[in-house]
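Only one structure is covered here, and it is reproduced in the block below.
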Amino acid sequence: MRKLYYLTDNMISVEQVSKDLHDHGITYWNFCVHSKDEVGLHKRRVHSASYLQQRDVIRHGERGAIIGLVIATLTVLYVMFAKPFGGETHALVYIAIFGFITMFGAWAGGLHGLATENQSIAKFHDDVVAGKHLLMIDVRKEQEENVKQLMQINHPEAIFQGSESTLITPFSSPVKRVNNPGITA
């Protein structure tokens, strides 16, 4: 799937885009808006971006798990060869050490992600603070061009900002904004 990003500065436009997308088969869960006017979105019954969508919990949790995995592997190798617990160590000890350190890494990374703005929407931070609304539309690859055309024809006030895969990977780069006149980066 792909995530399409659009910016608009009009709440009425956001509501109309939402209705239009729903009429064209984009479900409630595949469309959300990141805006500082949460009350306005709620009053118009537009799906607001959740707290977890606004934070980078998954990406940082994955990074933490990878770092934990490396540290856990090194620790288990140390315990296997240095034998700090004595001559015969049960296999469950190795599994417990490995699992605990890896999960601790994922947990610590996730906590760091809670304190970090989602890198995909961070480029739009200044626009959202300035009162614009970031529309995020998840579409299947075969729907992408149809949705772009629909938005261009029916909602020219919503400016296309870029797209990216919806797959969250720990070391992916953020969405690259399309250069549009009149939109500040």
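This chain uses plain numbering: 1 for the first residue, then up along the sequence.
- Shown here for Trp29 and Asp138, the closest heavy-atom pair between the two residues is O-OD2, 4.4 Å.
- Residues Lys148 and Tyr6 have side chains in contact (heavy-atom distance under 4.5 Å, counting atoms from C-beta outward).
- Counting heavy-atom neighbours within 6.0 Å of His22 NE2, excluding the residue itself, gives a total above 12.
- Of all the heavy atoms in Ala72 and Thr102, the pair that sits closest is CB-OG1, 3.6 Å.
- A distance of 6.5 Å separates CD of Gln149 from CD of Glu145, quoted to the nearest 0.5 Å.
- Nearest heavy atoms, Tyr94 versus Val76: O-CG2, 3.6 Å.
- Checking each of Leu41, Val39, Val33 against Asp37 for a side chain to side chain contact (heavy atoms under 4.5 Å, CB included) leaves exactly one that passes, namely Val39.
- Following chains of ILVMFWY side-chain contacts shorter than 4.5 Å, one can reach Ile67 starting from Phe98, so the two form part of one hydrophobic cluster.
- Remark: the backbone N or O of Val128 is not paired with any side-chain donor or acceptor of Lys36 at under 3.5 angstrom.
- Counting all heavy atoms, side chain and backbone alike, Gln143 lies closest to Ile26 at NE2-CD1, 4.0 Å.
- The hydrophobic clustering, which links ILVMFWY residues whose side-chain heavy atoms are closer than 4.5 Å, places Met103 and Val70 apart.
- In this structure, NE2 in His133 is found 8.5 Å from OG in Ser13, a value given to the nearest 0.5 Å.
- Atoms CG and NZ, from Asn30 and Lys3 in turn, are 8.5 Å apart once rounded to the nearest 0.5 Å.
- From Asp23, atom CG reaches atom OG of Ser18 across 9.0 Å, with rounding to the nearest 0.5 Å.
- Checking side-chain atoms of His47 against main-chain N and O of Phe31 turns up a donor-acceptor pair under 3.5 Å.
- Proximity of Met151 to Asp20: side-chain heavy atoms (C-beta onward) are nowhere separated by under 4.5 Å.
- Around atom CG of Leu150, more than 12 heavy atoms belonging to other residues, nucleotides or ligands sit under 6.0 Å away.
- Taking CD1 of Ile97 as the reference point, atom OG1 of Thr75 lies at 7.5 Å (rounded to 0.5 Å).
- Contact annotation: the side chain of Ile66 approaches that of Pro170 to within less than 4.5 Å [non-hydrogen atoms, C-beta and beyond].
- Tyr5 and Ser120 make their closest contact through OH-CB, 3.3 Å (heavy atoms, listed as atom of the first residue, atom of the second, distance).
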Output side-chain donor-acceptor pairs under 3.5 Å for residues 80-91, partner residues at least two apart or in another chain, one line each.
| residue | atom | partner | partner atom | Å |
| --- | --- | --- | --- | --- |
| Lys83 | NZ | Met80 | O | 3.4 |
| His90 | ND1 | Leu92 | N | 3.1 |

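- Without hydrogens or angle criteria, Asp56 side chain to Thr116 main chain gives no donor-acceptor distance under 3.5 Å.
- Here the shortest heavy-atom pairing between Ser163 and Arg2 reads OG-NH2, 3.0 Å.
- Side-chain contact between Arg44 and Ile12 is present, with heavy atoms from C-beta onward closer than 4.5 Å.
- Placement of Tyr78 and Phe100 within a single hydrophobic cluster is found when ILVMFWY residues are connected by side-chain heavy-atom separations under 4.5 Å, directly or transitively.
- At a threshold of 4.5 Å between non-hydrogen side-chain atoms, the residues Arg55 and Asn118 do not count as touching.
- Counting heavy atoms of neighbouring residues, nucleotides and ligands inside a 6.0 Å radius, atom CD of Glu38 exceeds 12 of them.
- Each of Thr166, Ile121, Leu4 was checked for a side chain to side chain contact (heavy atoms under 4.5 Å, CB included) with Met136, and the lone residue meeting it is Ile121.
- For the atom pair CD of Glu117 and NE2 of His125, the computed distance is 5.5 Å after rounding to the nearest 0.5 Å.
- A tilted orientation is assigned to the rings of Phe104 and Trp107, their planes being inclined by 30° to 60°.
- Side chains of Ile137 and Leu21 form a contact here, defined as non-hydrogen atoms less than 4.5 Å apart.
- Using modelled atom types, one side-chain atom of Gln54 and one backbone atom of Ala49 make a donor-acceptor pair closer than 3.5 Å.
- In the hydrophobic clustering of ILVMFWY residues, with side-chain heavy atoms under 4.5 Å counting as a link, Phe160 and Met1 come out apart.
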Stepwise side-chain contact (heavy atoms from CB on, under 4.5 Å) check, Leu135 with Thr8: CA-CA 8 Å; Leu135 291 75; Thr8 185; 3.5 Å; yes
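- A donor-acceptor distance shorter than 3.5 angstrom exists from the side chain of Thr73 to the backbone of Leu69, with no hydrogens or angles considered.
- Hydrophobic cluster membership differs between Ile95 and Val79, with clusters built from Ile, Leu, Val, Met, Phe, Trp and Tyr side chains linked at under 4.5 angstrom.
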